[in-house]
2 protein chains.
Amino acid sequence: MRKKSKATSVDIAHLAGVSQATVSRVLSGSPLVNAETRRRVEAVVRELNYKVDRHASSLRRQRSGTLAMLLFEDPTPDESHINPFFLSMLGSITRACARHGQDLLISFQQLSDDWAGDYEDSMKADGLILLGYGDYLAYQGKLQKLVEQGTRFVRWGAVLPDQPGLSIGCENLGGGRQAGTHLLALGRRRVAFLGDASSHYPEFLDRYLGCEQALAAAGLTLDRALQVDAESAEDAGHAAACELLARGLPFDAIFAASDLIAIGAMRALAEHGLRVPEDVSVVGFDDIPMARFAHPPLTTIFQDTKQAGELLVDTLMKLIHGEQAHSVRLPTSLVVRKSCGAG
Amino acid sequence: MRKKSKATSVDIAHLAGVSQATVSRVLSGSPLVNAETRRRVEAVVRELNYKVDRHASSLRRQRSGTLAMLLFEDPTPDESHINPFFLSMLGSITRACARHGQDLLISFQQLSDDWAGDYEDSMKADGLILLGYGDYLAYQGKLQKLVEQGTRFVRWGAVLPDQPGLSIGCENLGGGRQAGTHLLALGRRRVAFLGDASSHYPEFLDRYLGCEQALAAAGLTLDRALQVDAESAEDAGHAAACELLARGLPFDAIFAASDLIAIGAMRALAEHGLRVPEDVSVVGFDDIPMARFAHPPLTTIFQDTKQAGELLVDTLMKLIHGEQAHSVRLPTSLVVRKSCGAG
DNA sequence: CTGAAAGCGCTTACAG
DNA sequence: CTGAAAGCGCTTACAG
């Protein structure tokens with residue numbers, strides 16, 4: 001902040017009776033400083049509450065000490081609330097950044113944006129964290145471009161074989177299997193899937209496939225006629241469930257690709273006089289805070305957002321430091337509540 | 001980012017056949033540039049996708065072009081999810097920052113922190129946006145210190161007469177009145193208040209007082225024996241409602257100081273076999289996204305987080321530019337859903 | 001309207 | 001272990 005007179009390293013040097021270079025060495029933790037000298041400098045630093053000017057430091061080091069988080073959503077209805085799932089990652093990302101001594105810049109983007117903005121951010125930050133749901137095929141090209149530019153980034157999302165850059169994601173396939181297995185154990189046989197299940201949304205697709213595997217293991221099939229596209233939003237879930245109902249095919253369970261979809265679907269079910277879980281079991285995915293308060297409380301597949309956030313930052317830092325880093329898939333777990341019946 | 005060779009203004013100058021100073025003038029929108037020269041420079045800038053180095057620029061200008069948002073919560077149970085109310089402000093704050101060409105740094109703090117962190121942030125940003133619930137009396141001193149330091153900041157919260165610095169808040173008194181009036185209109189007479197109602201939480205206190213005014217206007221009182229302290233969290237709301245029930249006093253309505261409290265209270269009510277709204281009406285405050293999905297959907301007092309976020313940023317920018325700025329109270333509105341009965 | 005030059009506050013070879 | 005000095009990439013008086 002602009003204050004009467006912000007102390008600089010020169011002031012500190014003066015007061016401590018050393019050169020400015022030595023002050024700098026002390027503050028950057030250089031081993032090339034006499035212990036006694038260091039103590040003297042540190043005392044003055046503390047007294048004046050001196051902080052290194054990050055701009056000067058970054059300029060000189062050619063490294064910013066800043067990470068940027070880009071949150072994008074698909075067509076994002078103007079005033080939309082941000083996907084709660086990503087929000088819960090925000091906390092752990094922030095904390096992880098602090099632990100690494102990095103600042104966190106945040107920026108919201110439309111998937112449709114030029115992403116010129118990204119490039120801009122990439123000049124401000126040492127690396128990018130990409131969060132967002134959206135048509136994967138649509139932004140794969142942008143990721144490619146980022147790679148070509150030499151931009152360091154890590155994204156949250158499906159871990160795919162040939163993807164550009166690194167991803168941290170969860171075991172979507174395994175999570176889908178957990179959902180299917182649970183439904184099966186409860187005696188459900190006709191499972192509907194709400195959510196896009198194509199390579200446009202690889203995470204959803206894997207959840208679909210995982211569920212299908214679980215059913216297949218029991219000699220059952222996930223009837224494609226019971227699949228309805230939906231993006232991760234309550235409204236979309238509601239619409240999808242209505243569409244499903246309109247098809248008139250029998251089903252006794254819904255596996256929603258996200259909690260938001262599940263919650264919307266339950267609303268539609270209730271409006272149509274169907275009881276959850278008596279008439280139909282519902283499983284979600286994510287375990288957003290709202291899931292607990294849904295009616296009935298939603299059984300869902302938990303993704304560890306805390307660990308995810310940390311891993312995202314840790315991985316990005318490795319990239320920045322030129323260390324070896326790789327994509328990872330985090331395990332999921334089933335959270336049994338009321339929406340499927342006796343757990 | 002560190003790339004093979006990032007273009008600098010010198011490169012641009014060279015290619016455009018002008019001096020580096022002129023490039024700088026073009027990029028900062030100086031009027032002291034010939035239109036033709038400007039066009040030539042801009043062409044090169046576009047072609048190389050050149051961006052001004054923010055660190056160099058900030059260092060030179062002694063202004064960072066960055067705003068910092070400090071989000072603090074009271075004792076914050078380690079992995080707690082951030083208060084959803086603040087999260088919904090995040091989006092509009094980010095957008096408003098972008099509109100002002102400012103970057104947004106975000107940082108989470110414990111109210112108990114030394115806030116040395118703040119001072120640190122204050123060196124990185126031109127101004128601070130403070131968001132958080134917590135004991136006002138406990139952090140008033142910190143605000144005072146910020147003022148003394150000359151740090152520019154705006155906080156979201158109660159607009160109080162002698163507070164240090166500026167606040168943007170809502171008409172808590174008016175909102176409380178709207179809640180009380182609505183309850184009254186529905187025939188409710190014995191209103192309980194869940195939430196701290198002391199000067200430690202001035203926002204809650206005003207909501208309480210507003211409700212009390214509405215009742216008084218009808219010749220009724222807000223019985224203090226029906227008030228139970230609670231912080232803004234679902235668990236706290238649940239606990240408070242249990243405590244209220246344990247007191248054994250009759251009541252036919254609950255005005256919760258926040259939606260989270262209301263949702264927790266409804267859970268307790270249900271556990272005790274009480275129906276909402278038949279046996280007791282419930283009104284919340286905030287209108288967080290979850291309110292719509294509560295069971296029953298929660299009638300609540302809406303605070304315009306979108307406008308709030310924008311105002312927070314606009315006000316802070318005025319402060320930074322040395323313009324006149326002042327605290328403001330935003331109007332609230334009643335959102336009728338199902339938790340109070342016929343609306 | 002344009003250029004040459006100083007300087008923002010650091011970090012880091014380079015000498016010693 | 002320490003200091004003097006160069007230089008990171010800009011912005012902005014100062015001349016012209």
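Quick note on labels: first sequence line is chain A, next is B, and so on, each numbered from 1. Computed from a predicted model, the values in this text were never measured in an experiment.
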Roughly how far apart, to the nearest Å, are D:dC10 and D:dC14 at atom P?
23 Å
Return the value, rounded to whole Å, for the distance between atom CG of A:Asp11 and atom P of C:dC8.
12 Å
Rounded off to whole Å, could you give me the CZ-to-P distance for the B:Arg38 and C:dC1 pair?
10 Å
Is A:Tyr50 close enough to C:dC10 that one of its side-chain N or O atoms is under 4.0 Å from OP1 or OP2 there?
yes
Starting at CD1 of A:Ile12 and ending at C1' of C:dC10, how long is that distance when rounded to a whole Å?
13 Å
Please report, rounded to the nearest Å, how far the P atom of D:dG16 is from the CG atom of B:Asn34.
22 Å
Between protein and nucleotides 11-15 of chain D, what N or O pairs are separated by less than 3.5 Å?
residue: D:dT11; atom: OP1; partner: B:Arg61; partner atom: NH2; Å: 3.3
residue: D:dT11; atom: OP2; partner: B:Ser24; partner atom: OG; Å: 2.2
residue: D:dT11; atom: O2; partner: B:Arg60; partner atom: NH1; Å: 2.1
residue: D:dT11; atom: O4; partner: B:Gln20; partner atom: OE1; Å: 3.2
residue: D:dT12; atom: O4'; partner: B:Arg60; partner atom: NH2; Å: 3.3
residue: D:dA13; atom: N6; partner: B:Arg25; partner atom: NH2; Å: 3.0

Is B:Val10 touching bases, backbone alone, or none of the nucleic acid, heavy atoms closer than 4.0 Å?
nothing
Residues at least two apart in sequence or cross-chain that pass side chain to side chain donor-acceptor pair (under 3.5 Å) with A:Glu47, listed by chain then number, are none
Quiz question: by atom type and distance under 3.5 Å, do the side chains of A:Arg54 and A:Thr66 form a donor-acceptor pair?
yes
Checking A:Phe86 now: which residues fulfil ring pair (Phe, Tyr, Trp, His ring centres under 6.0 Å) with it, not counting sequence neighbours?
A:Tyr133
Counting only side-chain N and O atoms of A:Thr37, is one of them less than 4.0 Å from OP1 or OP2 of D:dT2?
yes
Side chain to side chain donor-acceptor pair (under 3.5 Å) involving A:Thr315 - partner list, sequence neighbours excluded
none
Which heavy atom of B:Cys97 sits nearest a heavy atom of B:Leu67, and at what distance?
SG-CD2, 3.8 Å
Rounded to whole Å, how long is the line connecting atom NE2 of B:His14 with atom P of D:dC10?
16 Å
Mind checking if B:Ser58 touches a base, just sugar-phosphate, or nothing, with heavy atoms under 4.0 Å?
nothing
For B:Gln324, enumerate each residue passing the side-chain contact (heavy atoms from CB on, under 4.5 Å) test, keeping only those at least two apart in sequence or located in another chain.
none
With rounding to whole Å, what would you report as the distance between D:dA13 and D:dG9 at their P atoms?
23 Å
Please state how far atom CG in B:Asp53 lies from atom P in C:dC10, giving the value in whole angstrom units.
17 Å
Taking only side-chain nitrogens and oxygens of B:Gln62, does any of them come within less than 4.0 Å of OP1 or OP2 of C:dG7?
no
Determine whether the side chains of A:Gln20 and A:Ser24 contain a donor N or O and an acceptor N or O closer than 3.5 Å.
no
Return the value, rounded to whole Å, for the distance between atom CG of A:Leu59 and atom P of D:dA6.
17 Å
Atom pair distance, as rounded to whole Å: CG in B:Leu32 and P in C:dG3:
13 Å
What does the 5'-to-3' dot-bracket notation of DNA chain D look like when only Watson-Crick and G-U wobble pairs under 3.5 Å count, and pairs to other strands show as |?
|||.||||||||.|||
For A:Gln303, give me all partners under side chain to side chain donor-acceptor pair (under 3.5 Å), at least two apart in sequence or on another chain.
A:Asp286
By side chain to side chain donor-acceptor pair (under 3.5 Å), B:Thr94 pairs with (sequence neighbours left out) none
Once salt bridge (Lys or Arg N to Asp or Glu O under 4.0 Å) is applied, do any residues pair with A:Arg38, and if so which ones, sequence neighbours excluded?
A:Glu42
